[in-house]
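The structure appears below as structure tokens.
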Amino acid sequence: MVGVKQVSSKNHSWTKRRDAKAERLKNVEGISSGKVIPTDRIIEALESLIVPGDRVSLEGNNQKQASFLSAALNKVSPSRIHDLHMIMSSISRPEHLDIFEKGIAKKVDFAYAGPQSLRIAQMLEDGKVTMGEIHTYLELYSRLFVDLIPSVALVAADKADKEGNLYTGPNTEETPTLVEATAFRDGIVIAQVNELVDELPRVDIPGSWIDFVTVADKPYELEPLFTRDPRHITDLQVLMAMMIIRGIYEKHEVQSLNHGIGYNTAAIELLLPTYGEQLGLRGKICKHWASNPHPTLIPAIESGWVESIHCFGGEVGMEEYVRARPDVFFTGKDGSMRSNRTLSQLAGQYAVDLFVGSTLQMDQDGNSSTVTSGRLAGFGGAPNMGHDPRGRRHSTPAWLNMMTSDDPLARGKKLVVQVVETFQTGNTPVIVESLDAIDVGKNAELATTPVMIYGDDVTHLVTEEGIAYLYKASSMEERREAVAAVAGVTQVGLKHDPKRTDELRRSGIIALPEDLGIRRTDANRSLLAAKSVEELVEWSEGLYNPPAKFRSW
Amino acid sequence: MSVAFLFPGQGSQQVNMLKGLPDHRLVDKTIDEASEALNESAILLDSETNLQSTVAVQICLLIAGVSSARVLAANGAKPDLVAGHSVGAFGAAVIAGVLDFQDAVSIVKQRGEWMEQAYPEGYGMGVVLGLPEQKLGKILEEHLSQGEEVYYANLNSKDQITISGTIRGIKKVLEKAKGAGARKAELLNVSVPSHCPLLDTVSEKLAFALKNIQFRSPEVPFAGNRTARALRDPEAIKEDLAHSVSHSVKWHQATSLFYELGARLFVELPPGRVLTDLSCHAFPSARSVSVDDSGFHTAQVLINRVKQPN
């Protein structure tokens with residue numbers, strides 16, 4: 001070949017990464033005993049294993065946190081360790097940003113920063129943090145295998161043995177993904193564990209992937225993030241849940257789905273055994289789930305609605321319930337649940353019929369965002385599930401039901417449902433003319449506006465006014481009219497011509513509760529299968545053990 | 001988990017707010033120090049007549065906050081973070097160890113005098129409830145472009161914003177705000193248009209006066225009023241204390257930042273419970289207590305519980 005110089009590989013090393021790792025491991029020979037780093041020498045160990053400029057993957061998502069290791073990283077000497085490039089699913093603890101203030105870290109790639117969203121916006125503005133990108137979970141995990149391969153991974157597990165085998169129990173989450181990306185490219189993997197034992201209940205991550213384990217001073221942080229107290233569900237949310245069951249799940253025969261974290265979706269879960277049962281839908285809808293083990297799913301599970309649930313992560317208090325229902329949940333030989341955030345996100349992206357979620361703002365084209373001014377919350381996993389994966393090939397009744405043409409090459413679509421009340425508390429409209437996210441994106445100098453769910457992916461919009469079947473709209477104009485028709489008394493809604501509403505109803509582009517056979521007066525909390533956390537415990541036959549803050553009895 | 005001390009600003013003053021402080025040697029000591037710096041008896045400042053003047057109000061607020069925090073500290077109840085609303089920021093700075101109390105008393109006295117002299121009449125403040133910041137911002141911009149002097153003053157919470165300027169301008173904006181859907185929009189009984197560019201000259205004078213006062217690094221982070229940042233640099237704190245009087249107070253953001261920094265107990269120093277109400281509403285998952293309402297003992301127990309769990 002002309003112009004291509006054949007380089008001899010004789011003098012070229014192909015093991016630079018491996019050699020560099022061996023060098024670093026030598027530095028801790030006097031500190032660790034085998035794979036075990038003593039608890040009180042972790043800071044010293046980090047200072048010996050990490051070098052300035054390293055790409056460090058720190059485990060921490062909206063649930064499980066490697067809190068002992070993040071606190072230790074915050075205490076390393078900034079003169080020895082600086083300018084790290086942090087890769088974190090979630091920036092949620094104060095020390096996650098303290099390390100930037102101290103100069104230990106400089107650049108960040110992340111997916112979610114909800115609990116630190118004001119502070120990270122300020123630090124970006126002040127030049128204390130250099131932004132990589134804000135990702136969705138799956139994109140962040142994927143890039144760990146492409147151009148964000150970590151030099152060091154700091155992860156958390158429940159138990160380890162001396163060989164470094166890890167037991168993560170119900171809270172496996174993204175640990176295997178972070179470890180795999182690091183371990184197989186000669187990075188260094190350090191795991192904090194709650195205890196060191198001789199025999200593990202099961203091995204979630206093999207010891208040959210792990211370089212070091214260290215016993216944390218206290219168990220890793222775990223947030224009960226997906227627990228929704230049914231007491232707070234309103235009649236309006238019950239109404240919207242009824243509309244969704246009738247006008248979307250039944251209509252399109254939705255069999256597999258993902259539910260987010262809101263009270264709206266909790267209401268749907270609690271209506272399946274009551275309203276759903278009255279409609280005779282058991283066995284026809286909502287059989288397969290990619291979601292967390294929501295306590296509000298207990299009544300539906302107990303009533304025989306649910307065939308399977310694969311989980312992103314665990315949920316505090318649900319351990320024993322899940323253990324007792326292995327026909328429904330994924331469990332290991334030891335009986336406890338196995339979660340996997342990467343695989344569950346993938347399932348939620350590709351394999352389910354429907355995603356339903358809520359948002360803080362939606363514009364008249366259906367674009368939505370949870371970003372509000374001055375805050376940079378990021379995306380988490382919602383956009384992975386809240387879009388139509390265009391590479392999908394397999395069909396299901398719901399997916400096929402979204403076809404709107406007779407074209408021989410026509411294909412189906414994932415159902416992406418947004419459910420919102422037109423106003424938040426404090427007179428703040430949810431449906432707006434323009435998203436705050438546009439200004440936030442500009443101020444933070446992001447390459448693109450941080451949109452959570454793009455309007456062209458949204459197939460249905462549900463408000464207290466009714467359902468807009470956006471996938472049926474034949475033009476952008478008609479789509480806007482459909483959004484406006486259910487936008488209530490927001491500015492967007494007020495511009496709508498009420499005469500058009502009847503035409504849109506006739507053509508099936510919008511449906512009001514009465515069009516679905518739902519009387520507004522029937523929609524009240526008495527329909528909920530459980531009205532309190534206490535009743536959820538009853539449904540679970542005492543197996544669900546809610547965290548103290550949800551106990552009111 | 002950490003504890004944030006919040007020092008209230010004007011509007012929280014109460015008649016006899018100094019005489020009502022606990023019978024404690026540190027309270028007496030603080031009042032004596034103030035009297036010495038003022039060259040008059042500080043304890044007399046909290047009478048109804050004296051509190052007609054913003055100078056007395058500001059000094060009393062400073063004394064009440066600092067002496068109360070000193071009493072708590074003597075029982076081991078210290079803050080991890082401090083914030084003060086407007087003049088409250090001086091008390092916060094004293095408790096963070098940034099400046100001496102007597103220096104703070106002298107400078108606050110001057111601050112009050114300069115503010116009082118700035119606009120003898122025709123100016124004031126108003127409050128708007130239940131209108132999003134951006135909507136009110138548009139209304140303010142409109143009026144400003146029409147030559148009315150009216151500005152944002154305090155961003156207290158997502159739906160509680162005060163404005164400053166000419167009475168005429170404020171009235172017009174309040175009217176518009178009501179029309180745009182505000183739950184409440186009314187004139188406040190305040191004669192100084194605080195926290196807006198109308199007080200630029202006061203800031204300049206303060207900056208000049210503060211030049212000669214020694215500032216030390218804070219022992220705990222201090223919330224800047226103007227930038228809503230957690231300040232750790234004494235010069236930045238000095239600048240904030242000088243310039244906050246002519247800039248809007250970003251209270252909601254500053255306390256939100258504290259929440260993100262781990263504050264789960266917000267303790268409002270006397271007098272009153274204005275800031276407690278704001279944090280109760282803004283951070284339902286944190287605890288907010290007013291020392292005035294709950295008493296020193298309760299506050300101290302709660303603080304120590306956060307500091308030493310179990």
Portion of A/E95 that has a non-hydrogen atom of chain B nearer than 4.5 angstrom: neither

Side chain, backbone, both or neither of A/R93 within contact of chain B (heavy atoms, under 4.5 Å): neither

Closest-packed option against chain A by number of heavy-atom pairs under 4.5 Å, given B/K135, B/E133, B/K158, B/Q134: B/Q134

How about [atom1] on [X], more than 12 heavy atoms from neighbouring residues, nucleotides or ligands closer than 6.0 Å, or not?
X: B/R287; atom1: CZ; answer: no
X: A/H82; atom1: NE2; answer: yes
X: A/K102; atom1: NZ; answer: yes
X: B/Q146; atom1: CD; answer: yes

Interface residues of residues 252-263 of chain B facing chain A - non-hydrogen atoms under 4.5 Å apart: B/Q253, B/S256, B/L257, B/E260, B/L261, B/G262

Heavy-atom donor-acceptor pair, A/Q122 side chain to B/A228 backbone, under 3.5 Å: yes

